[in-house]
S.K.: 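Handing you a structure now.
Here is how names work: the chains are called A, B, and so on, in the same order as the sequence lines, proteins then strands, and each is numbered from 1. Given the structure is predicted, the values throughout are model-derived calculations rather than measurements.
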4 protein chains.
Amino acid sequence: MNRYEQIQELAYKANMELPKLNLVIFTFGNVSASDKYLGAFAIKPSGVPYNELSPDKMVIVDFDGKVIKGKLRPSSDTKTHAVLYKECEDIGGICHTHSIYATAWAQAQRDIPIYGTTHADHKTVDIPCAPPMHDDMIQGDYEYQTGYQILNCLKEKNLSYKEVEMILVGNHAPFTWGKTAEKAVYNSAVLESIAQMALLTEQINPKAARLKDSLIKKHFERKHGPDSYYGQ
Amino acid sequence: MNRYEQIQELAYKANMELPKLNLVIFTFGNVSASDKYLGAFAIKPSGVPYNELSPDKMVIVDFDGKVIKGKLRPSSDTKTHAVLYKECEDIGGICHTHSIYATAWAQAQRDIPIYGTTHADHKTVDIPCAPPMHDDMIQGDYEYQTGYQILNCLKEKNLSYKEVEMILVGNHAPFTWGKTAEKAVYNSAVLESIAQMALLTEQINPKAARLKDSLIKKHFERKHGPDSYYGQ
Amino acid sequence: MNRYEQIQELAYKANMELPKLNLVIFTFGNVSASDKYLGAFAIKPSGVPYNELSPDKMVIVDFDGKVIKGKLRPSSDTKTHAVLYKECEDIGGICHTHSIYATAWAQAQRDIPIYGTTHADHKTVDIPCAPPMHDDMIQGDYEYQTGYQILNCLKEKNLSYKEVEMILVGNHAPFTWGKTAEKAVYNSAVLESIAQMALLTEQINPKAARLKDSLIKKHFERKHGPDSYYGQ
Amino acid sequence: MNRYEQIQELAYKANMELPKLNLVIFTFGNVSASDKYLGAFAIKPSGVPYNELSPDKMVIVDFDGKVIKGKLRPSSDTKTHAVLYKECEDIGGICHTHSIYATAWAQAQRDIPIYGTTHADHKTVDIPCAPPMHDDMIQGDYEYQTGYQILNCLKEKNLSYKEVEMILVGNHAPFTWGKTAEKAVYNSAVLESIAQMALLTEQINPKAARLKDSLIKKHFERKHGPDSYYGQ
């Protein structure tokens with residue numbers, strides 16, 4: 001298996017997880033897997049149902065969004081993926097879904113407050129919601145600009161893509177990423193749980209308070225800090 | 001396979017998708033597939049459980065609602081289907097379910113506001129909710145009048161059935177349609193997602209705003225405009 | 001198969017539907033099937049998981065609640081079933097679950113308002129919620145009294161058990177019945193859908209109005225009236 | 001099978017129930033099974049997906065939280081389990097999940113009010129929510145302190161761990177226990193149902209009242225009292 005086939009295989013497997021995790025219906029959602037050495041990523045072809053996918057149908061695209069290999073048209077969100085890979089060199093996989101609860105928060109244009117340790121196990125901050133773009137950006141190269149809208153939002157909030165591997169794009173839906181495509185999908189599923197729990201928390205107690213800093217720190221560090229003791 | 005058998009096959013397959021997509025329980029819901037050349041459609045028999053269906057049990061009905069072929073009684077909603085086929089020559093399939101979230105919006109008698117791109121990917125307007133009928137229409141030929149209630153609602157809101165392939169009938173439930181029966185079922189599943197997301201959006205942010213026009217236009221056109229770049 | 005074995009078979013099959021329809025977890029819920037001629041019914045044994053049930057484990061009980069056949073102890077709700085069979089001669093099956101949404105309405109001690117045609121297809125009135133019993137009834141023969149609490153509630157609201165085949169027992173959970181055990185289970189699943197839709201309707205529109213009388217009449221009669229045209 | 005292997009087997013089986021009961025995704029959640037005679041318990045290894053578990057991968061730990069047998073690192077929550085086993089001699093199994101509804105109540109920092117008989121069948125009191133710990137406890141031996149936070153909460157509310165086999169840890173998630181690991185898992189699933197029903201009850205009727213004492217007593221005693229008549 002050459003390096004192109006390797007990222008096709010990774011992207012294929014990661015895409016196939018989306019329906020199993022109830023994150024998509026029909027052809028919604030797309031995952032890509034990248035190879036820094038190749039300067040390219042493999043991504044789901046546009047509008048093809050999951051049960052018709054195969055590794056060789058994954059389209060190979062460079063970090064400027066240009067198709068390198070593949071007969072099918074890549075996902076319509078391809079340029080957003082390209083921008084993120086180009087600007088964030090440690091990202092190995094990106095996932096985009098319209099999962100129900102995370103998308104509802106995006107539509108509501110609210111950051112998801114950190115209410116508990118399920119959230120803190122993964123992120124130390126509220127899940128950011130990038131504002132909808134200005135009209136000229138929308139009318140221009142929309143998907144390309146979506147990538148920069150994500151990066152600008154992180155920058156404004158002084159967040160690193162390495163720490164916050166998930167974002168809501170206002171009025172649209174979530175994007176998540178990680179060192180691998182598999183991790184990006186994992187982050188999408190975790191985000192969906194966090195999004196549902198946060199809404200329920202506010203319904204149970206409209207005055208629920210954000211998690212206090214000591215607990216945020218503790219839970220994040222036990223999973224991700226230098227002295228982490230989670231996992232093998 | 002003759003043309004009658006072809007639409008029976010299409011209607012059968014489309015009906016069988018409804019329980020898989022969690023859009024119906026028991027015998028709720030019905031899908032039909034039409035053939036303009038025959039001036040007829042095939043529709044689910046009334047009250048027969050999905051696991052007892054077969055293509056030959058689909059009842060053939062003309063566009064006036066008269067049964068042409070089949071030993072079983074057609075769906076009690078047959079005349080609503082007939083009216084829509086008669087008045088809208090480009091419809092090839094119609095789907096009616098009592099799916100939970102879309103039906104709740106119908107019972108609440110509210111249009112579903114367009115809150116995000118999941119909605120805009122499919123429709124550029126709020127999903128219309130037709131008002132309940134006047135009592136004389138209800139006491140008359142009820143299912144026939146339901147068809148006209150749908151058409152009158154589209155007309156009053158200045159909407160074409162070609163652009164808006166889904167509607168809520170107030171106090172009742174959704175009807176969706178499309179060029180094929182398969183597309184009509186697809187629209188029912190998309191509507192159910194949109195309906196759930198819209199309610200959650202309002203719960204997360206009671207002041208959530210409708211999607212702005214530039215985003216509505218962009219998302220609809222990338223899927224359906226002359227320069228669309230979604231799908232293969 | 002003798003008549004005892006026949007109702008054991010019917011009760012067994014009906015009980016096995018409960019986990020498939022997501023109406024119960026673990027050993028929650030019970031269904032019985034009766035035979036007027038025998039003056040007896042078969043009911044689930046108490047506390048036995050569904051996957052360990054078999055027809056011969058169904059306990060045979062008379063209409064006074066006395067065990068006639070069977071080595072296992074019958075459901076703890078047996079006397080409630082017995083009272084209903086004794087007082088309502090046309091009931092052939094009874095179902096009791098703690099399904100999530102119907103139970104929540106029972107806990108909220110509210111009748112479920114008739115908001116749409118899904119409800120009207122089955123019942124012409126709000127689903128009644130019987131008030132919790134007086135303390136002396138609770139401390140006495142509790143399950144026996146539960147049966148009379150149900151009957152008294154129907155009487156006070158001037159409802160016949162033949163028309164309203166479902167009730168909520170306040171602070172407890174739903175009971176449903178029908179001509180057969182299968183129909184009783186069907187009614188429990190329909191009730192769960194109606195209960196969920198009604199809550200969502202109120203969340204979407206807190207001022208949602210009850211269905212108007214003409215629509216209630218039309219939908220009920222097309223399924224159940226003398227000129228009904230639903231089913232085969 | 002020796003005694004160590006026996007608790008490994010029990011812990012393995014109980015852990016495997018968690019994804020089937022929809023109480024966890026990925027590697028969230030952990031169950032342990034203890035043996036008083038050994039003064040040890042078997043617990044899920046940290047961060048290992050459920051479909052990669054096997055009985056021999058369960059880690060054996062003593063009641064001070066020290067690993068006795070096993071090559072893998074035990075669950076990061078191990079010390080909480082150890083404290084509970086050490087202080088409560090009749091506990092044979094402990095379960096910790098981040099199930100959606102119970103976790104939302106924990107995040108909302110509210111006890112779950114007893115609204116119905118589903119709750120009373122299992123507990124006679126509101127499900128307690130322990131307050132988040134003081135910062136010095138969090139910064140110290142966090143998981144160890146979590147165990148004492150649970151015990152202190154029960155003590156302050158004058159509750160026995162034998163009667164109340166479930167608790168919410170504020171801002172975190174539920175812990176449940178029982179005479180066996182299987183029972184601890186059962187309690188987690190029951191708690192999740194109770195948590196969902198309680199939220200829905202408040203949404204249906206914001207003024208819903210707690211269950212009255214006579215009903216609480218009756219339902220608990222028919223399942224657990226000296227004259228209980230539930231089960232075989």
Side-chain angles (χ1 to χ4, degrees), chain A residues 17-18 20-23 99-101 112-122 178 182-183 185-225 227-232, chain D residues 22 24-29 45-49 52 57 59 71-79 97-113 129 131-143 145-146 168-173 195-196 198-200 202-203:
Chain A
E17 286 301 303
L18 297 185
K20 286 184 211 163
L21 290 164
N22 293 315
L23 297 173
S99 67
I100 299 283
Y101 285 88
I112 304 179
I114 183 167
Y115 282 130
T117 61
T118 318
H119 188 135
D121 280 339
H122 297 91
E182 188 187 4
K183 184 70 194 306
V185 170
Y186 170 89
N187 282 332
S188 284
V190 167
L191 171 56
E192 183 66 2
S193 283
I194 289 172
Q196 182 176 6
M197 284 177 184
L199 170 55
L200 294 172
T201 300
E202 296 188 350
Q203 291 179 328
I204 294 167
N205 183 358
K207 292 179 181 170
R210 286 180 82 253
L211 196 59
K212 58 182 182 175
D213 286 344
S214 54
L215 262 172
I216 294 175
K217 198 164 167 245
K218 181 68 193 179
H219 265 265
F220 192 75
E221 288 187 350
R222 73 176 197 161
K223 258 200 164 170
H224 307 280
D227 302 318
S228 76
Y229 45 97
Y230 182 87
Q232 302 300 327
Chain D
N22 294 314
V24 298
I25 56 169
F26 300 118
T27 64
F28 295 18
S46 182
V48 178
E52 295 175 15
K57 285 185 181 163
V59 188
K71 292 175 192 162
L72 297 169
R73 192 191 288 184
S75 163
S76 54
D77 297 299
T78 293
K79 283 192 182 169
T97 78
H98 286 217
S99 67
I100 299 284
Y101 285 87
T103 302
W105 280 90
Q107 293 189 164
Q109 292 190 42
R110 282 186 60 197
D111 296 354
I112 306 179
C129 180
M133 284 178 262
H134 288 281
D135 285 2
D136 53 345
M137 288 167 77
I138 294 169
Q139 282 144 20
D141 198 344
Y142 174 65
E143 289 79 13
Q145 296 292 353
T146 299
L168 308 173
V169 176
N171 283 143
H172 187 168
Q196 183 177 5
L199 170 55
L200 295 171
E202 297 189 348
Q203 290 179 329

S.K.: Evaluate the side-chain contact (heavy atoms from CB on, under 4.5 Å) criterion for residues A:Gln203 and D:Gln203: first the C-alpha distance (whole Å), next the side-chain angles of each, then the deciding distance (0.1 Å), finally the verdict.
M.R.: CA-CA 9 Å; A:Gln203 291 179 328; D:Gln203 290 179 329; 3.3 Å; yes
S.K.: A:Leu199 versus chain D, heavy atoms under 4.5 Å apart: side chain, backbone, both or neither?
M.R.: neither
S.K.: Is the shortest heavy-atom distance from the side chain of A:Leu200 to the side chain of D:Tyr101 under 4.5 Å?
M.R.: yes
S.K.: Apply ring-ring contact (aromatic ring centres under 6.0 Å, His included) to residues A:Tyr115 and D:His172 and explain how you reach the verdict.
M.R.: CA-CA 9 Å; A:Tyr115 282 130; D:His172 187 168; over 10 Å; no
S.K.: Looking only at heavy atoms, which two atoms of D:Glu143 and A:Tyr229 are closest? And how far apart?
M.R.: OE2-OH, 2.8 Å
S.K.: Using every non-hydrogen atom in the two residues, find where D:Phe26 and A:Ala189 come nearest and quote the distance to one decimal.
M.R.: CE1-CB, 3.4 Å
S.K.: With sequence neighbours left out, write down each residue that passes ring-ring contact (aromatic ring centres under 6.0 Å, His included) with D:Tyr142, or none if nothing qualifies.
M.R.: A:His219
S.K.: Is a donor on one side and an acceptor on the other found under 3.5 Å between the side chain of A:Gln232 and the backbone of D:Leu72?
M.R.: no
S.K.: Is A:Asp121 in contact with chain D via its backbone, its side chain, both, or neither, using a 4.5 Å heavy-atom distance?
M.R.: side chain
S.K.: Show your working on side-chain contact (heavy atoms from CB on, under 4.5 Å) between D:Ile25 and A:Tyr186 and close with a plain yes or no.
M.R.: CA-CA 10 Å; D:Ile25 56 169; A:Tyr186 170 89; over 6 Å; no
S.K.: Apply side-chain contact (heavy atoms from CB on, under 4.5 Å) to residues D:Ile138 and A:Lys212 and explain how you reach the verdict.
M.R.: CA-CA 11 Å; D:Ile138 294 169; A:Lys212 58 182 182 175; 3.7 Å; yes
S.K.: What are the two closest heavy atoms between A:Ala208 and D:Ala108, and how far apart are they?
M.R.: CB-CA, 4.4 Å
S.K.: Answer yes if the side chains of A:Tyr230 and D:Thr27 hold a donor-acceptor pair under 3.5 Å, and no otherwise.
M.R.: yes
S.K.: Taking only Lys NZ, Arg NE, NH1 and NH2, and the carboxylate oxygens of Asp or Glu, determine whether A:Arg222 and D:Asp77 approach each other closer than 4.0 Å.
M.R.: yes
S.K.: When you compare the side chain of A:Asn205 with that of D:Trp105, does any pair of heavy atoms fall below 4.5 Å?
M.R.: no
S.K.: Taking C-beta and beyond as the side chain, do A:Leu215 and D:Met133 meet within less than 4.5 Å on heavy atoms?
M.R.: no
S.K.: Could you tell me which residues satisfy ring-ring contact (aromatic ring centres under 6.0 Å, His included) with D:His134, sequence neighbours excluded, listed by chain and number?
M.R.: none
